[in-house]
Amino acid sequence: MDESDRTPKNLAATAFFQMTGVGVSSEEYLSVLNPEQKEAVKHSGSPLLILAGAGSGKTRVITTKIAYMIDELGILPWHILAVTFTKKAAAEMAERAKHLSPNAVKSHIRTFHSFGSWFLRLYSSNAGIDPNFTVYDDDDMVTLLLKAVPSLNRQQASFIAHKISLAKDYCLTPDSSELSTIESSPEFPVYYAAYEKKLRQTGNVDFGDLIMLPVLMMEADESVRTDMHSRFQVVLVDEYQDSNVAQFKLLQQLVGEKTYVCVVGDDDQSIYKFRGAEVQNILTFHECFPNTKIIKLERNYRSVSPVLTVANDMISNNTQRLGKELVAVREKGKKPTVIFLPAQKDETKLCADMIEKAHKGGCPYSDWAILYRTNAQSLGFETEFLHAKIPYTVVGSLKFYQREEIKDLLSILAFVVNQKDEIAFRRIINKPARGVGGVTQDKVVLNAPNHDLLEGCRLFSSSMSKKAKTGVLEFVAFIDGLISDIDVESSEPGKLSELVDIIIKKSGLGEYHSNQDEIAGTQRLANMQELVNSAVLYNKNRSGLLEFLDHIELDRTLELQNQEDNQDAVTLITLHNTKGLEFPRVIITGLEDGIFPRKDKTEEELEEERRLFYVGITRAKDELYLTSCGLRQLYGRTEYMKVSPFLLELDPKHIDVVGKPPLEFKTLCSDTQEPNTQQGRLASFMENHPELAELADKWKKGRKVYHDDWGYGLIVQTNLDDNCSDYDDEYVINIQFESGSLKKIMPKYQSHSLMLIKD
DNA sequence: CAATTCGGGATCTGC
DNA sequence: TCCCGAATTG
């Protein structure tokens with residue numbers, strides 16, 4: 001360590017680290033950064049925009065910056081607010097910052113929505129919402145809207161609900177004059193207003209409110225604004241390219257005269273326009289925040305150069321960009337492979353085969369990720385992998401929390417904390433069937449004093465049919481029991497999981513769901529049990545329950561335990577969900593016109609699809625495969641698919657091709673390179689993979705071998721034989737052993753146990 | 001009021 | 001294909 005660097009602060013920090021035994025010295029964590037990264041970390045004073053390309057060490061820069069501000073600039077950790085978009089990203093950021101500087105745990109590292117939730121609970125009285133509010137998701141919004149505007153059918157309601165959340169993403173209230181830019185129909189403001197009225201009656205909020213309400217409050221109330229300004233001296237925003245207008249306004253409000261603001265993002269990775277993300281936020285940041293310093297991070301540490309070449313090729317087809325070219329730090333590497341397959345089933349089979357072969361050769365399952373455009377595409381892979389006994393994790397498909405049985409339980413919990421919650425009430429009052437139908441429910445909802453639905457049940461039970469009366473009173477007694485359960489004053493409240501367990505048994509939902517379907521019922525019970533398990537961390541009292549509901553609503557990534565248990569598993573994931581992730585080997589599937597890009601896209605939307613493809617490509621560290629099928633099951637039908645226009649945009653020189661390319665693709669290649677057909681395979685394989693030639697030369701058909709486990713054998717076939725149907729571009733040989741078994745082996749990975757026998 | 005059946009319509013991405 | 005809602009029936 002340079003003696004001259006021992007500033008007083010530095011000494012203090014060093015002393016602290018010695019004391020706690022954790023953390024890294026600032027010299028150390030700064031020394032691993034490149035000059036631009038270091039500049040970004042050390043910058044202070046004016047607003048800062050970091051344009052960080054994929055894999056450019058963005059997270060490292062942010063976390064180091066947090067640590068640096070605490071250790072070197074003497075900023076108190078709780079004066080730092082860092083917001084991200086996903087809980088996963090927030091958790092990772094917190095973890096890495098803590099590793100660099102233990103004090104970082106005291107800083108506010110949150111998602112936008114959890115910040116909003118925290119803010120609204122802090123000021124719930126000002127906002128006119130229930131301090132015990134829960135958050136309604138999209139499905140709840142639709143249900144609520146249907147109740148607010150009964151003339152709508154479900155389809156219309158979900159369309160309008162989507163528009164309402166979009167309006168909130170743009171921070172537009174029902175009386176806003178700009179509302180027509182979201183939806184021009186004259187009824188829309190009326191529907192929106194009716195929805196808002198209904199929502200405020202329940203005391204709850206939707207996702208859009210978590211951002212919009214804090215903005216409106218800060219805009220209207222100076223004392224709230226100054227309170228925030230004194231709480232946070234530093235505001236950092238990650239993935240800024242995906243922020244929406246409401247989030248931009250939130251940032252504007254949070255940044256006072258003395259606040260240091262720093263945003264990080266990549267315009268080429270903006271993929272959430274459909275949900276209100278506004279690329280303009282990042283493109284015009286420097287205009288909104290005067291004297292902005294812009295730092296570009298263009299060195300990519302993640303992907304091998306051939307992968308990055310293809311990524312750069314692809315994104316250069318977009319017109320709406322700031323302009324940025326990633327430079328690979330990792331020079332050597334394999335060209336991405338485009339694989340053309342006859343049908344969907346071949347795609348799943350191919351993936352399974354590739355993964356399994358690599359696994360036999362020592363490559364862990366977790367190295368692989370299968371990317372697809374829509375969640376529905378995961379099903380084929382799940383079936384195939386189950387069959388092939390390949391462990392896998394599906395990221396974010398039918399999310400745990402939105403399964404019917406889970407939503408039922410959560411609705412009971414939500415109703416226990418807030419008896420004005422109409423959505424929860426309607427969901428659970430007659431489930432299992434208690435003879436309480438829509439008519440009875442309406443009577444309660446419309447006449448309940450102060451919208452207290454439980455009180456409504458009590459008051460009107462006498463005027464109900466005998467059957468309904470029994471059911472309603474049974475329900476009231478059940479909920480009353482739960483309420484008194486959590487309101488018991490005790491220094492040792494017990495665990496919330498006990499309460500969830502009781503609910504499953506006493507509500508009859510456990511029985512109800514397990515009787516619904518013999519096979520699925522078991523799974524549903526297991527899911528409910530999983531909710532019990534996750535509640536074990538919370539106290540069995542009102543505040544514990546609130547924390548739990550908050551956690552569930554804002555963390556949409558809760559996965560099933562059995563999936564988490566399996567560390568070594570292939571990742572099945574939508575392209576959108578891969579934001580911020582990386583994998584050694586990536587397969588992007590379904591590259592067909594209409595699937596990816598999805599059909600009916602405007603030119604502008606096509607650019608977003610292309611950015612999505614770019615995001616997918618840049619997830620790959622070492623190997624990238626792109627698959628495209630000729631036939632696919634669609635809407636229950638088998639359809640002929642055209643190749644994705646994105647594949648036609650690729651430079652044939654920068655990729656390898658396996659399988660039978662469709663005509664369009666061949667035409668494209670004809671003047672540059674003859675694509676690999678079945679006949680030309682051997683030659684082109686050799687050309688593209690010199691290392692294969694070496695292997696193929698050694699492990700020739702007809703040679704005798706000895707294997708440690710299987711004994712003596714004869715190489716009877718290789719996958720470079722022209723009649724072989726394997727698509728793989730590894731060198732694979734078939735060996736007939738004397739013991740009788742026929743094995744497929746990759747010599748590349750078997751050098752330790754397989755040897756040639758001289759004739 | 002609940003269970004069953006039938007037909008139409010959708011099917012993207014997600015905090 | 002599958003899911004949802006309207007219509008029909010018990």
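In the text below, chain A, chain B and the rest are named by the order of the sequence lines, each starting its count at 1. The basis for the numbers below is simple: all heavy atoms, side chains too, and nothing from hydrogens, waters or symmetry mates. Note that this is a predicted model, so its numbers are computed, not measured.
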Taking the C1' atom in each of B:dC12 and C:dG5, what is the distance between them to the nearest angstrom?
23 Å
Check this one for me: any side-chain N or O of A:R154 less than 4.0 Å away from OP1 or OP2 of C:dG5?
yes
Take A:K443 and A:T440 through the test side-chain contact (heavy atoms from CB on, under 4.5 Å) and record every step on the way to the result.
CA-CA 5 Å; A:K443 189 192 277 180; A:T440 315; 5.5 Å; no
So what does A:T440 hit on the nucleic acid, given a heavy-atom distance under 4.0 Å: a base, only sugar-phosphate, or nothing?
sugar-phosphate
Quick one: is A:Q155 getting a side-chain N or O under 4.0 Å of the B:dA10 phosphate, OP1 or OP2?
yes
Rounded distance (Å) that lies between atom C1' of B:dT13 and atom CD of A:Q269:
16 Å
Taking the basic N atoms (NZ, or NE/NH1/NH2) and the acidic carboxylate oxygens, is any pair closer than 4.0 Å for A:R200 and A:D209?
yes
On DNA chain B, more 5' by nearest nucleotide between A:R373 and A:F112 is A:R373
Looking only at the aromatic ring of each residue, does the gap between the centers of A:F274 and A:H576 stay below 6.0 angstrom?
yes
Using a heavy-atom cut-off of under 4.0 Å over every strand shown, decide if A:F85 touches base, sugar-phosphate, or nothing.
sugar-phosphate
Any A:T574 side-chain nitrogen or oxygen under 4.0 Å from OP1 or OP2 of B:dG14:
yes
Should A:N375 be listed as having a side-chain N or O under 4.0 Å from OP1 or OP2 of B:dT13?
yes
For A:N430, which contact category applies under a 4.0 Å heavy-atom criterion: base, sugar-phosphate, or nothing?
sugar-phosphate
Which sits closer to the 5' end of DNA chain B, A:R598 or A:V439, going by the nucleotide each is nearest to?
A:V439
For A:Y191 and A:Y195: C-alpha separation, side-chain torsions, deciding distance, then whether ring pair (Phe, Tyr, Trp, His ring centres under 6.0 Å) applies.
CA-CA 6 Å; A:Y191 295 157; A:Y195 167 85; over 10 Å; no
